[in-house]
Every structure is written in C-alpha cells, then in structure tokens.
Amino acid sequence: MPDDLSADGAVAASHLPFQALSGDTLWTGVERALDNRAGLVFVTDADGFLLGQVTLDAMRGAIREGAHLRPVTLGDLAAPVAATTALAPALDAGGRLVGVTERSDRRCLAIAEPNLSHAEFRNLLDAFLSTWISSAGDYLRSFEERFAERCGATHGIATSNGTVSLHLAMAALGIGKGDEVIVPDLTFAACANTVMQLGARPILTDIDPVTWCLSPEAIARAITPRTRAVMVVHLFGRPAPMTEIRALADAHGLFVIEDCAEAPGARYDGKPIGAFSEIASCSFFANKIVTTGEGGICTTNNSDLAQRMRMLRDHGMRPERRYWFEEPGFNYRMTNLAAAIGCAQLDRMDAMLAERREIHARYVATLRDIPGVGFPPPMDDRSEPVVWFSCVTVPAEARAAVIKACAELRIDLRPFVNSLSSMPAYRRFARKCPTSVAVSRSGLHLPTSRMPDARILSMLQSAFRSVLE
Ligand SMILES: Cc1ncc(COP(=O)(O)O)c(C=O)c1O
C-alpha cells in the first residue's frame, strides 16, 4: 500500500471544501457539494460551530419549490447531521468543525461516477437560459472544434452517442452490403452491431497479447477481397500501433475507422489517436473519460467526409437547401445542452486523466504482490496510454469469487466485456480468437472515478487475498 496514505479513514486534508457558512446562498451549497464530490456541505457559523448539513438532494428539493427566489440561506436549510451519509463531521471539544471522515459502513465505491463540477453546472444553466437547447448553439460549435483539435483533426461532427457515431462514420464511407469490416473480438458490442446494421459483415479478429488491440499481423491475416475497412478500437485506454496499421491499410486500399471511446487523450508515435484514420469516433457516455451525459463525435481531416457526415446526421438534408433531402439520413444530432457539459469537461480533461492515472497507480501498489494478480502488459515507448477503467487480471476460475468478496465490502468491480466470438449473435463472424477469450475471462475493472484512500485499499487487498492466497 502507498505509504503516503493514512489508515484512519480521513478523506480530506482540509475540511474547507466540505464547509459552508450559514449565511451562504443555496447556490454556494450546490457548487461546493458538486466540487467536493460528497453531495453535501456541513453548515457552520462564522466561528466554525457546526449547525447541520445540507445535501444536494435537499437543495434540489428546495430549488424545485422555488427557494432560490427567496433570500434562503444554507442556515435555513441545515438539517441535523444524519448517520446515513457517507461523510461524518469531526468536531473539536467546543463543537467546531475540524475535519471530515468517511463512515465505513456507508461507503460504497461505485465502478464509475460522472465527475461533474460547478463548471459543468454553470455551462449547463447558461445553455438552458440561452434557450438554445436543441442541436445548434455556441457550446456545440465550440465542443466540436475543441474536441477535434485534441484529436488532431480539423472537423468534429458531434452526435447523440458513440454508437451512432460509428454508424455515421461507416455510412459516410459507403460501407454496406457485401462488405467486410475487420473488428477486434474484444470490444463493446456496438462495434459489431453497427457494421451489421449497415448490411456488412464484422470480421471478428483476435487481439494482440501485449496491446490488447488489433495488430497489423492479425489484420493482414483477416483481409479478403471483400474487406473495405478496419475498425481499430483503442481498448481500455491502450493505443493500437496506428502507424503500422495505417501503412497496411493504405497498401490494401482500406479505410480505417478508429474507435476512441475508451481512450481519448492517448497517443501513438507522438500523435493523438484519432489522427490516423479517415474518421475517428468517440463516446461521451457517463462512464467515459469525458462525458456529456449521452453523446458521441466523429472527427476527420477530410472536408468532403465532414460535409457528408453533417448531412447524414441531419436526415440527409442539404445544409444550404432547407427540406431538400439528398438521401435518407438519420437524426444523430447532439444537443447544445450536452455540449455545454462537454465544454467544461474538456477544460478539466487533463486533470481528470491525471487523477485516473494516480488511482490506477494506487491499485497497482496495493495488489501487485498478491499471487495470481496481473496488470495490462507494459506498452512500448511509442505508445502513450491513458487510464479509462483501471484493469487487473486474476485466474478466470477465481474472478467471480473476487467480485463477490469485494461486493460484500461495497466495492463494485466489473468483469471485462465478453469476447464477441463467445456470444451466439456474433459467433458466425469470428476468426480464431484465443487471446481475446482468455483476456476477457480473466479481466476485472476497478472503480476509477474516486481516489481510493488507505482504508479502501486495505479492504480491497484483504478481499483479493481472501480469494487468491
Ligand atoms: C469501444 C466502444 N465503442 C462504442 C461504444 C458506444 O458508445 P455509446 O454508449 O456512447 O453509444 C462504447 C461504449 O461503451 C465503447 O466502449
């Protein structure tokens, strides 16, 4: 376990992020409860004497009833400190708030929680008040431009989720009946589903034992005269070797689509992932590194493809000619409200990535000496992965017991996705995929949204030890 962590369950070096004054407004309470990620504030008088607590739930209720129209303060809303919240106030002998501690019986470490601060809240409110709540608006334009730039692309076409963005990308490339698209066997089902929805065949191909992504060698073996495209998925934050895959695709006249849903921010050969393909796709679902609630995007450096995707995203309508439909398209648009959240997330993306890296480092330090525990293989120095979910591997036959032991301590672990080839809906498309099957059966995701403290790490370690030693 890292030695910089005390084992007394204290969760904060300072109690100040959790404190608000009785004269503070409702909005101060809302923003502080978002920023401290505890969902509550402890209310004190100016001398620090504890008066009570106000939870985000209570503030939501007050806003629904119009409390913000009156000069209501947090002192008016303060309720007695409840034993049901995850945090408890620590008081000095005189009753002054001096710290906060976690209530161990109330702690539940969820596998994923969106990281929403006052910045997302302010943007969302602003977008709402602007009344630009549908698929046009300043936030949308800014989000498309800024996210594309981060991916090394000149165009961003925001969508309603990361599944339709894959569908839109392939539709714009003209992939359809009779075509084959090479797809990794270890990925979320949307990758294969969208190929099938276009009438094409996903060719499920094994992953590389080091990168856990498609390798140029595996792609080369899967190419047939019907292959039109390769969908590269940068799995669990790990970049695929894109320089080599791009060269192979060019040699065979194939399109490349990069699915960056699990790895925005990762780089290969010094370039951001997403910059190697005709079109890259990303997801902004609530468990992703950057979230907009639901949302997705296609990025590209090709202006013809960008124009075509904009048209297809909007029912197939020509942007400059209202109600003139060039071809049957879709409604895959993102809202300005979602983009408002996304803009704040982009401002915080580097800090959130750094936090995820630190969370994973703590798990590695805690679990590495336990027999049977493994981690994703180290990558070469051309690859710059990011942490999406922290991953560990355990012997496949022990995995369910590890999940159960952790669940009993209210620590929520998740198995890796099933290899697509193991499921009847996809089996007919699969090549031999032994690595994908083995990784899928032994992998576990750890909660990666909150920094685990010494007590959680010690509980996690005991749970793993109780099964594996
Ligand atoms: C690799 C990958 N592709 C696509 C998707 C689909 O994204 P969304 O949930 O936004 O439709 C996901 C989401 O979980 C994913 O992990």
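The analysis underlying the following values was restricted to heavy atoms, covering all of them including side chains, and did not include hydrogens, waters or symmetry mates. Whatever order the structure lists them in is the order used to number ligands and atoms, beginning at 1.
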Self-check item: Result of checking P376, P377, S442 against T393 for side chain to side chain contact (heavy atoms under 4.5 Å, CB included)
Solution: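 That would be S442.
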Exercise. Please test L446 against V392 for side chain to side chain contact (heavy atoms under 4.5 Å, CB included), starting from the C-alpha separation and ending with a verdict.
Key: CA-CA 8 Å; L446 296 163; V392 298; 3.7 Å; yes
Side-chain polar contacts of residues 164-174 - donor-acceptor pairs under 3.5 angstrom, sequence neighbours left out - could you list them?
unit_1: S165; atom_1: OG; unit_2: N161; atom_2: O; d: 3.4
unit_1: S165; atom_1: OG; unit_2: G162; atom_2: O; d: 3.2
unit_1: S165; atom_1: OG; unit_2: S281; atom_2: OG; d: 2.7
unit_1: H167; atom_1: ND1; unit_2: Y332; atom_2: OH; d: 2.9

Quiz item: Quick one: CG on N336 to CG on N123, what's the gap to the nearest 0.5 Å?
Solution: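 Interatomic distance, N336 CG to N123 CG, rounded to 0.5 Å: 10.0 Å.
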Self-check item: F375 ring center within less than 6.0 Å of Y363 ring center
Solution: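 Ring centroids of Y363 and F375 are no less than 6.0 Å from each other.
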Quiz item: Does F330 have its ring centroid less than 6.0 Å away from the ring centroid of H315?
Solution: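 No, ring centres 6.0 Å or more apart.
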Quiz item: What residues come within 4.0 Å of ligand 1, counting heavy atoms only?
Solution: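 These residues qualify: N161, G162, T163, T187, F188, C191, V233, D259, A261, E262, S283, K288, G295.
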